[in-house]
Amino acid sequence: ATPNPWWSNAVVYQIYPRSFQDTNGDGFGDLPGITSRLDYLADLGVDVIWLSPVYRSPQDDNGYDISDYQDIDPMFGTLDDMDELLEEAHARGLKVVMDLVVNHTSDEHAWFQASRDKNDPHADWYWWRPAKAGHEPGTPGAEPNAWGSYFGGSAWEYDPKRGEYYLHQFSKKQPDLNWENPEVRAAVYRMMNWWLDRGVDGFRMDVITLISKHVDANGELPGVGESTVDAGPIGPDGYSSPNPFCADGPRQDEFLAEMHREVFDGRDGYLTVGEAPGITPERNEHITDPDNRELDMLFLFDHVEPGGGQSKWTAEPWELSQLKRCLAGQQQAVKDRGWTSLFFNNHDQPRVVSRWGDDSTEEMRVLSAKAIALLLHMHRGTPYVYQGEELGMTNVYFDSLDQYRDLESINMYHQLTEAGVLTEEAMMEALKAISRDNARTPMQWDATKYAGFTASYAPSEPWIGTNPNKDVINVKKQLRDEDSVLAFYRKLIELRHTNPVVAAGAWDMLDEADPQVYAFVRTLHEEGVGGGIDGSGEKRLVVVVNMSSESAALPPETKDVLGLDMSGAIIGGASADRVLIANYPSEQVAADLLFGKLAPWEAFAYEL
Ligand code: TEU
Ligand code: CA
């Protein structure tokens, strides 16, 4: 078999630079701050750090609106600081992946400013369309186009200078680039090569599955001009799932293959991960199949989106069955070829211990944080740890709108309350549950005033409030506690590096219908090991997680695989030393197996 790529047993740590470590007291995290924390990351054992954008930007969407791809925004530092970070990271064996945001630029980018002149060579670098009867573009005779932006309002913005509308799926300060234009693509590839030649080790590619729009044979967008393509439904708040005119369009594979040829061919040791809203697990297999030379892996969203066309703000309460169904689909799709990322947290998602765990008491928070971490890290794929997740950081539960900073949260608050979709109280509850700001409060290093993110005497307060529970949840406290969530993540990451079953074993669900317990088995068919007459043996791990704060019964298929006999005793006896990792003492796990019972949030991997 071909050797597995280096990233198939690597762990990636996502840093949100704005909230990670401030070193000059301006209340914003910065590059020297990241460099100062590299020993902490090396000690945790991660292999790669992914930085959310640090390029020059007006910061309308916290850096996902880029005005110069080849310069660092002064709030984060300079290109020299970036070179220093790369050198110091590489000296510790850490790779550095940048966030590539090329579905759109900032409206303050020189390309967009030039494009506002119809006679400029950049005129066709964005999606400009004439007004229709003084409103958003649309098909003659039909209603004006009603596409909504993810961040509220219309996806079309009128520019008085050009006298036309431009498309922006995100904020009006994030105009979509026109990837149909080969000059746009060439400019992006030139920039990517410039960063890789500077020593960057790859890219996380922001909404890269939105770059090919579903244009018709004449290149016209659905529902616009003389388009022959139906615009499709629009979500209740224009948000819902990716707008139908642009997820996974007809030239998606062509563009990714061209990018691979122009940028990555001939290079090695890099990582590419595409953020892929609107992509099915089956399409993930095609895009990540190494023979297609597109991307190494993707972030799929079906397990963290409400699904069914629901809006994240008004979706039904979460069920474990949805998580099981989505993760099983993601795992099965790439069991023979292709690969998958593994994530529950990032800068756009609420803190998973508050979302799917139990942060109501310290005991439940620690148990459930470890249980959910074990669940994720025991799957097949490349795990991503988001800053603070390794501490079991929780949502911040701001209780007034003026504490929020995220334009998505603020815009949608106004849009949904003014439209009568949600009352202000209901919207505040929704923000406490799922606002992106829950993931963006200062990293909690210690129990000082601003959690060590910035000095207590700093001239400026942090740009966003510090979670009051920094006194209880912080790095300093957990570094000296071998039962901490931090120590547990260190063990999980070490298993990814040292245990071939964890890194490469096949994945199969157990007891899918059980509403409380998530269980599966990992199987590695090793050539020339033990057993079979053909010298092929196999090693198996059973992973069992009680995803609830109540005790649970060991489900039947799991019992069978564990070899429990009718009396519940494991044939040959349940031995504590077969417990590879658990959030309870191994002896208790062995005893619980004997009685077929699981304590609240009990989670373990058991070697057969
Ligand atoms: O996010 C893409 C995306 O789909 C987001 O709209 C996200 O799914 C949603 O906000 C979840 O509630 C990427 C970046 O990760 C995000 O931070 C940016 O705001 C967005 O693209 C635009 O660049
Ligand atoms: Ca700073």
Side-chain angles (χ1 to χ4, degrees), residues 14 16-34 36 50 52-55 57 59-66 72-78 81 99-106 148-152 168-171 173-177 204-211 235 237-243 246-247 273-279 299-306 310-313 315 343 345-350 355 384 386 406-409 411-412 430-431 433-440 442 450 453-455 458-463:
Q14 182 193 356
Y16 195 64
R18 178 183 268 258
S19 307
F20 193 64
Q21 179 66 65
D22 172 23
T23 54
N24 63 351
D26 66 357
F28 293 97
D30 43 57
L31 291 179
I34 297 171
S36 75
W50 148 32
S52 275
V54 291
Y55 317 96
S57 160
Q59 301 297 323
D60 183 60
D61 182 20
N62 291 1
Y64 282 91
D65 50 313
I66 295 166
I72 300 296
D73 194 276
M75 70 180 279
F76 294 116
T78 64
D81 292 326
D99 207 317
L100 183 77
V101 186
V102 289
N103 170 70
H104 46 272
T105 69
S106 165
S149 153
Y150 281 86
F151 296 155
H168 61 88
Q169 295 184 72
F170 295 94
S171 91
K173 286 184 69 61
Q174 293 171 293
D176 278 53
L177 276 168
R204 175 265 190 186
M205 302 185 189
D206 191 63
V207 292
I208 198 69
T209 52
L210 305 186
I211 59 177
D237 49 27
Y239 167 77
S240 67
S241 61
N243 291 323
C246 65
V273 50
E275 186 200 25
I279 288 283
F299 292 135
L300 298 184
F301 278 81
D302 52 344
H303 64 298
V304 290
E305 300 276 333
Q310 293 180 91
S311 152
K312 66 190 252 187
W313 304 102
F343 79 97
N345 285 288
N346 62 36
H347 63 293
D348 294 330
Q349 301 298 328
R355 182 184 205 172
Y384 286 71
Y386 176 66
D406 174 19
L407 83 167
E408 180 193 48
S409 296
N411 291 357
M412 294 316 290
L431 289 176
I434 54 160
S435 165
R436 304 193 298 178
D437 279 334
N438 283 302
R440 303 176 178 187
Y450 301 122
F453 162 70
T454 193
S460 309
E461 291 216 320
W463 66 280

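Every number for a ligand or one of its atoms is a count from 1 in the order of the listing.
Counting only distance, with no hydrogens or angles, the side chain of D176 and the backbone of Q169 share a donor-acceptor pair below 3.5 Å. Counting only distance, with no hydrogens or angles, the side chain of R18 and the backbone of R440 share no donor-acceptor pair below 3.5 Å. At least one donor-acceptor pair closer than 3.5 Å links the side chain of D65 to the backbone N or O of D60. The closest donor-acceptor contact from the side chain of Q21 to the backbone of G29 lies at 3.5 Å or more, if one exists at all.
Inter-residue side-chain proximity for N346 and F299 is flagged as unmet; no heavy-atom pair is nearer than 4.5 Å.
Between W463 and Y16, the angle of the ring planes lies from 30° to 60°, which puts this pair in the tilted group. A perpendicular orientation is assigned to the rings of W50 and H347, their planes being inclined by more than 60° (bins at 30° and 60°).
Here T23 fails the criterion, with no N, O or S atom under 3.0 Å of the Ca ion (ligand 2). For F76, every N, O or S atom stays at 3.0 Å or more from the Ca ion (ligand 2).
For ligand 1, the atoms sitting less than 4.0 Å from at least one non-hydrogen atom of F151 are 19 (O), numbered in the order shown with element in parentheses. Which parts of ligand 1 touch E305 is read off a 4.0 Å heavy-atom cut-off, strictly below it: atoms 8 (O). Ligand-side atoms of ligand 1 in range of H347: 14 (C), 15 (O), 16 (C), 17 (O), range being under 4.0 angstrom from any heavy atom.
Between atom 2 (C) of ligand 1 and the options V207, D65, I434, the minimum heavy-atom separation is to V207. When D99, L210, D348, D61 are ranked by how near their heavy atoms come to atom 19 (O) of ligand 1, first place goes to D61.
At least one heavy atom of R204 sits closer than 4.0 Å to an atom of ligand 1. Heavy atoms of H104 approach ligand 1 to within less than 4.0 angstrom.
Angle subtended at the Ca ion (ligand 2) by D30 OD2 and F28 O: 100°, rounded to 10 degrees. The OD1 atom of D26 and the OD1 atom of D22 subtend an angle of 90° at the Ca ion (ligand 2), given to the nearest 10 degrees.
Between D206 and ligand 1, a contact under 3.5 Å exists for at least one N or O pair.
For the side chain to side chain donor-acceptor pair (under 3.5 Å) test with Q349, the passing option among R436, K312, R355 is R355; the others fail.
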